[in-house]
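Working notes, structure below.
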Amino acid sequence: MCDPISAIGMGLQIAGSVAGFAGQQQATNDYNSAAMANARNASLAAQHQYEGEGRKLITDTAAINQEGFDAVMSARQARGQAEASAGSSGIDASSITVASILADMDAQEARSEFNTGLKREDAKYGYTENTRAIKAQAEGRINSMPTKRGPSPLALGINVANLGFTGWQDSQKLKTQQGLGPNN
């Protein structure tokens, strides 16, 4: 039998190991809860940013389309005025001067349509790049707090068994020192 002081010491060591395990497990649980909250918040923030980028793309595209429409209508109006002016002045619409003016107005209209298309593509490209950046930012934020594994119950069991064995060895040494022998 083990002496009472050794038994109390061994019990306190075991209790300390169990309490340490419980504390580590609670710290891991708290950290993992914070990591999951961080991931939810990052995903929610990214979703709001995606929505904002979507609204911006719609608004920008509508403005670009309106600007393109206005430019085309202005060019067509100018062409109509040039044709009407030439006709009222008695100039044949097929004359070189009138034809070159009309060709220039057609070119202006084509440039307006081309520029409108470029602006639309630029707006789509900006949207794509911004959403990629939002995704990367959210992933970086989520990955900055990966979940952790808790302490090993096996390690706790081994530690408790080791404390028990060490306590038994110490009691055997004490008995030997007191001349009682290992079996008494």
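A 4.5 Å side-chain heavy-atom check between Y125 and E129 finds at least one atom pair inside the cut-off. Taking the side chain as every heavy atom from C-beta outward, F69 and S74 never approach each other to under 4.5 Å. In this structure, S43 and I142 have side chains that are in contact, with non-hydrogen atoms separated by less than 4.5 Å. Using a 4.5 Å cut-off on side-chain heavy atoms (C-beta onward), Q49 and Q137 make contact.
Rounded to the nearest 0.5 angstrom, S152 OG and Q25 CD are separated by 10.5 Å. Atom CD1 of residue I134 and atom CD of residue E51 lie 10.5 Å apart, to the nearest 0.5 angstrom. The CD1 atom of I58 lies 8.5 Å from the OH atom of Y127; values are rounded to the nearest 0.5 Å. Between the NZ atom of K135 and the CG atom of N130 there is a distance of 15.0 Å, given to the nearest 0.5 Å.
In this structure, N38 contributes its side chain and R141 its backbone to a donor-acceptor pair below 3.5 Å. Listed for the D104 side chain is no donor-acceptor partner under 3.5 Å among the backbone atoms of S100. In terms of modelled atom types and a separation under 3.5 Å, the side chain of Y50 and the main chain of A45 share no donor-acceptor contact. D122 contributes no side-chain N or O that, together with a main-chain N or O of L118, makes up a donor-acceptor pair within less than 3.5 Å.
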Evaluate the criterion side chain to side chain contact (heavy atoms under 4.5 Å, CB included) for residue pair N32 and K148; output intermediate values, then yes/no. CA-CA 6 Å; N32 287 341; K148 294 182 179 179; 4.0 Å; yes
As a quick check of understanding, evaluate side chain to side chain contact (heavy atoms under 4.5 Å, CB included) for R76 and M105, giving each step before the final call. CA-CA 8 Å; R76 289 181 183 172; M105 290 181 179; over 6 Å; no
May I have the step-by-step check of side chain to side chain contact (heavy atoms under 4.5 Å, CB included) for E67 and T116, ending in yes or no? CA-CA 8 Å; E67 181 183 311; T116 299; 5.9 Å; no
Before you tell me yes or no, could you show the steps for N65 and R120 under side chain to side chain contact (heavy atoms under 4.5 Å, CB included), namely the whole-Å CA-CA distance, both residues' side-chain angles and the distance that decides it to 0.1 Å? CA-CA 8 Å; N65 288 339; R120 267 193 229 108; 2.5 Å; yes
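Hydrophobic clustering (side-chain heavy atoms under 4.5 Å, transitive across Ile, Leu, Val, Met, Phe, Trp, Tyr) groups F21 together with L163. Under a hydrophobic-cluster definition in which Ile, Leu, Val, Met, Phe, Trp and Tyr are linked whenever side-chain heavy atoms come within less than 4.5 Å, directly or via other members, L57 and I64 are assigned to different clusters.
In this view, Q66 and D70 satisfy the side-chain hydrogen bond (donor to acceptor under 3.5 Å, both in side chains) rule, not counting sequence neighbours.
Residue L156 comes nearest to S17 through the heavy atom pair CD1-O, 3.5 Å, listed as atom of the first residue, atom of the second, then distance. The two atoms that bring T147 and A35 nearest to each other are CG2-CB, 4.3 Å, heavy atoms only.
Using a 4.0 Å cut-off between charged nitrogen and carboxylate oxygen, E109 and R79 do not count as a salt-bridge pair. The pair E53-K56 fails the salt-bridge criterion, with no side-chain N (NZ, NE, NH1 or NH2) lying under 4.0 Å from an Asp/Glu carboxylate O.
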